[in-house]
**Q** 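Mind looking over this structure? Questions follow.
If you read the sequence from its start, that first residue is 1, and numbering goes on from there. All of these numbers come straight from a predicted model, not from anything done at the bench.
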Amino acid sequence: MAYNSREVKRSFLDEIEDTWQGRGFNSRSEFIRYTLRDAVEHPTFDRDELVALLQAEEDVREERTMSAEEARERFGTDGTNE
């Protein structure tokens with residue numbers, strides 16, 4: 001499916017709106033400043049790690065996670081370190 005740049009930009013802005021409000025920032029500008037400052041202070045954070053982090057955040061929001069107990073049952077571990 002092809003997107004024009006205006007649709008992608010609007011979608012991205014909508015995502016930013018949801019994110020800053022959901023994380024308790026006072027404004028979009030505050031959220032963007034914080035994000036840019038964090039990117040400068042932690043430059044070793046690469047794109048793949050960011051994608052994984054964003055996916056994990058989405059999984060939590062969409063309740064696609066499980067408790068430690070559920071994971072132990074699903075994967076057959078008893079919770080002790082070997």
Side-chain angles (χ1 to χ4, degrees):
M1 174 180 234
Y3 295 99
N4 71 42
S5 62
R6 196 167 264 174
E7 289 171 345
V8 172
K9 289 177 187 176
R10 182 73 253 159
S11 172
F12 184 62
L13 287 175
D14 289 344
E15 210 170 315
I16 289 172
E17 287 294 314
D18 292 343
T19 302
W20 76 261
Q21 292 172 354
R23 292 191 181 178
F25 286 89
N26 292 318
S27 68
R28 181 173 51 195
S29 295
E30 180 185 352
F31 169 70
I32 291 171
R33 281 192 304 274
Y34 173 85
T35 302
L36 291 172
R37 189 176 311 116
D38 191 55
V40 170
E41 291 175 4
H42 305 286
T44 59
F45 200 64
D46 70 16
R47 188 179 198 300
D48 291 338
E49 291 170 316
L50 178 58
V51 169
L53 180 61
L54 291 173
Q55 181 62 53
E57 287 288 330
E58 182 177 321
D59 288 345
V60 169
R61 277 195 305 266
E62 297 295 324
E63 297 181 0
R64 296 186 296 236
T65 60
M66 65 180 80
S67 69
E69 183 177 332
E70 291 169 320
R72 283 191 290 274
E73 289 174 11
R74 180 175 175 183
F75 298 109
T77 63
D78 63 5
T80 61
N81 292 332
E82 295 179 20

**Q** Check the hydrophobic clustering (I, L, V, M, F, W, Y; side-chain heavy atoms under 4.5 Å; chains of links allowed) and say if L50 and V40 are grouped together.
**A**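 No.
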
**Q** What pairs with D59 under side-chain contact (heavy atoms from CB on, under 4.5 Å), at least two apart in sequence or on another chain?
**A**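 In terms of side-chain contact (heavy atoms from CB on, under 4.5 Å), with neighbours along the sequence ignored, D59 is linked to Q55, R64, T65.
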
**Q** Answer yes if V51 and V60 sit in the same cluster of Ile, Leu, Val, Met, Phe, Trp and Tyr residues linked by side chain heavy atoms under 4.5 Å apart, and no otherwise.
**A**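 Cluster IDs for V51 and V60 differ.
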
**Q** What residues, two or more places apart in sequence or in another chain, satisfy salt bridge (Lys or Arg N to Asp or Glu O under 4.0 Å) together with D14?
**A**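 D14: salt bridge (Lys or Arg N to Asp or Glu O under 4.0 Å) contacts with R10.
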
**Q** Are there more than 12 heavy atoms of other residues, nucleotides or ligands under 6.0 Å from atom CD of E63?
**A**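 Atom CD in E63 is not crowded, with 12 or fewer foreign heavy atoms closer than 6.0 Å.
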
**Q** Using the side-chain contact (heavy atoms from CB on, under 4.5 Å) criterion, which residues pair with A71? Sequence neighbours excluded.
**A**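 Partners of A71 under the side-chain contact (heavy atoms from CB on, under 4.5 Å) test: M66, F75.
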
**Q** Is it the case that more than 12 heavy atoms not belonging to E69 sit under 6.0 Å from its CD atom?
**A**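 No, CD of E69 has 12 or fewer neighbouring heavy atoms, counting only those of other groups under 6.0 Å.
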
**Q** Applying side-chain contact (heavy atoms from CB on, under 4.5 Å), can you list everything that pairs with E17, at least two apart in sequence or on another chain?
**A**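 Per chain and number, E17 pairs via side-chain contact (heavy atoms from CB on, under 4.5 Å) with W20, Q21, R28.
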
**Q** Check ring pair (Phe, Tyr, Trp, His ring centres under 6.0 Å) between F25 and all other residues, then give those that pass, not counting sequence neighbours.
**A**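 Testing F25 for ring pair (Phe, Tyr, Trp, His ring centres under 6.0 Å), a comparison that skips the adjacent residues, returns F31, Y34.
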
**Q** Applying salt bridge (Lys or Arg N to Asp or Glu O under 4.0 Å), can you list everything that pairs with E15, at least two apart in sequence or on another chain?
**A**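 Here no residue qualifies.
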
**Q** Measure the spacing between CZ of R74 and OG of S67 and express it to the nearest 0.5 Å.
**A**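 OG of S67 is found 12.0 Å from CZ of R74.
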
**Q** So, taking the atom named CZ in R47 and the one named CG in L54, what distance separates them when rounded to the nearest 0.5 Å?
**A**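 These two atoms lie 9.5 Å from each other.
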
